[in-house]
Structure formats: structure tokens, C-alpha cells
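Being a predicted model, the structure only gives us computed values, none of them experimental. Below, all heavy atoms of this structure are taken into account, side chains as well, without hydrogens, waters or symmetry copies.
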Amino acid sequence: ARVCGTSRVWMKSCLLERTLKNDEAEYELLQEALSLFKSAPKLWMMLAQFYAHHKDYEKAHETYKKAVRNCPHSVPLWLSFADSEERQGTLSKSRSTLEVARLRIPKSPALWLAAIKLEAKKTKLKVKNCLQRRYRTVLRLEYYGHMQLRRLVLPNRSQKLMMLSKMFGGCPCVFGGRKGILE
């Protein structure tokens, strides 16, 4: 891996070490690879999985946080992060992670589906139905090319919220009161 300069070769070398159950070599290769390729989401996921496998969940969480800062548009990385949070039993953190991911990558069906499935597992039907309506509306807005919600010409924030609520099928949790989206 040290001879060739691609992240894929480094990833395969780490995978080989994992298969051979050589933890020290795998860890060293992952650290070295990430020093060279900070924007390689698979390497970040492998490091987080390494920590999780060794029951160091706090380091795994920190690794995921660094990873999404370095690779903010990697859908599999966000899904892996949310799944890790869910496996740790922190449903609210998992939900929050998916919400941030959907704000960063709003057109990703996989992120919307993961959020809907998470709510369906926990039997929050109102939230699940609301998310489904929001996703359909995002698709509808994307289809018609009207993704410029910031340019709504209405006098104040409450009128914007009412207008957006009507656009999103009367769903009260459309923007969750986040000022930055509307102003």
C-alpha cells in the first residue's frame, strides 16, 4: 500500500490485515492511510468499525464525528454513523444524526428512507408520516425546480412558516423552528 498512492489500495491492505486478524497492523495502516487520504469515507468507516469491534465506542463516536467533518457528502458514512448511534441505544442521537445528514444532503433517498425506518421501528407514526410527506414534497419541489425556499417573498417569519406548512401538507414539524433555513 505504501508504494501505490490510492485510497482503495490502502483500504484493501487494511481489509487484508483485518482478515488475517492482525489488529496492530490494521490500526497502523488505517492511521497512516487517513493521514494521507482524509476525504476517503471508507477508511473512516473502517477505523470506526475497528474501535467498535474492540468495544471502544467513545473513540468510534469521535471517529465518526471527524469523518463527517472531512466527508460531509458521503451518504454511506452518515448511514453508518446513525446506525452506530442506534446500536448504542441512543435513539435521539441517531435521529439527530440523520436530521443533520438530510440537511447536508437533502436529495438523498437513502437518508430519508433510513429516517422513516427509524421512526417506524419506534412506532412514531405521526413523525414517520410527516417525514414521508416532507420527502415527497422535496421530490416534488426538485422535479419542478422550486428548491429556492429562501426566496419566498413574505413579510415575516410566521407567514413563511404558514406558507411552508401548507406546501408540506400541513406537517407542523417541517422545519422544527430552525431560523437559519427561513431567513
Determine the minimum heavy-atom distance between [X] and [Y], stating which atoms define it.
X      : Y      : value
Ala101 : Leu111 : O-CD1, 3.6 Å
Leu34  : Ala40  : CD2-O, 4.5 Å
Cys14  : Leu29  : SG-CB, 3.5 Å
Thr97  : Ala82  : CG2-N, 4.0 Å
Ala33  : Trp10  : CB-CE3, 3.6 Å
Met11  : Leu43  : CA-CD2, 3.8 Å

Pair His61, Gln88: side-chain N/O donor-acceptor within cut-off below 3.5 Å: no
pair Arg8-Lys12: side-chain heavy atoms closer than 4.5 Å: yes
Minimum side-chain heavy-atom gap Tyr64-Trp44 below 4.5 Å: no
Any residue meeting salt bridge (Lys or Arg N to Asp or Glu O under 4.0 Å) with Arg87, in chain and number order, not counting sequence neighbours: Asp83
Contacts table for residues 48-59: side-chain donor-acceptor under 3.5 angstrom, sequence neighbours left out:
unit_1	atom_1	unit_2	atom_2	d
Gln49	OE1	Arg18	NH1	3.3
Tyr51	OH	Tyr27	OH	3.1
His54	NE2	Asp23	OD2	3.4

Chi angles and distances behind the side-chain contact (heavy atoms from CB on, under 4.5 Å) call for Glu17, Leu30: CA-CA 10 Å; Glu17 295 298 337; Leu30 282 169; over 6 Å; no
Between OG on residue Ser94 and CD on residue Glu85, distance to nearest 0.5 Å: 7.0 Å
Straight-line distance of Glu26 CD to Thr19 OG1, nearest 0.5 Å: 8.5 Å
Verdict with supporting geometry, Asn22 and Leu16, side-chain contact (heavy atoms from CB on, under 4.5 Å): CA-CA 9 Å; Asn22 190 353; Leu16 176 65; over 6 Å; no
Can I get a per-line list of side-chain donor-acceptor pairs under 3.5 Å for residues 66-78, giving both atom names and the distance, sequence neighbours left out?
unit_1	atom_1	unit_2	atom_2	d
Asn70	ND2	Lys66	O	3.1
Ser74	OG	Leu77	N	3.4
Trp78	NE1	Pro72	O	2.8

Sidechain-backbone polar pair: Ser84 side chain, Ser80 backbone, donor-acceptor under 3.5 Å: no
Chi angles and distances behind the side-chain contact (heavy atoms from CB on, under 4.5 Å) call for Met46, Leu15: CA-CA 8 Å; Met46 287 180 73; Leu15 193 58; 4.3 Å; yes
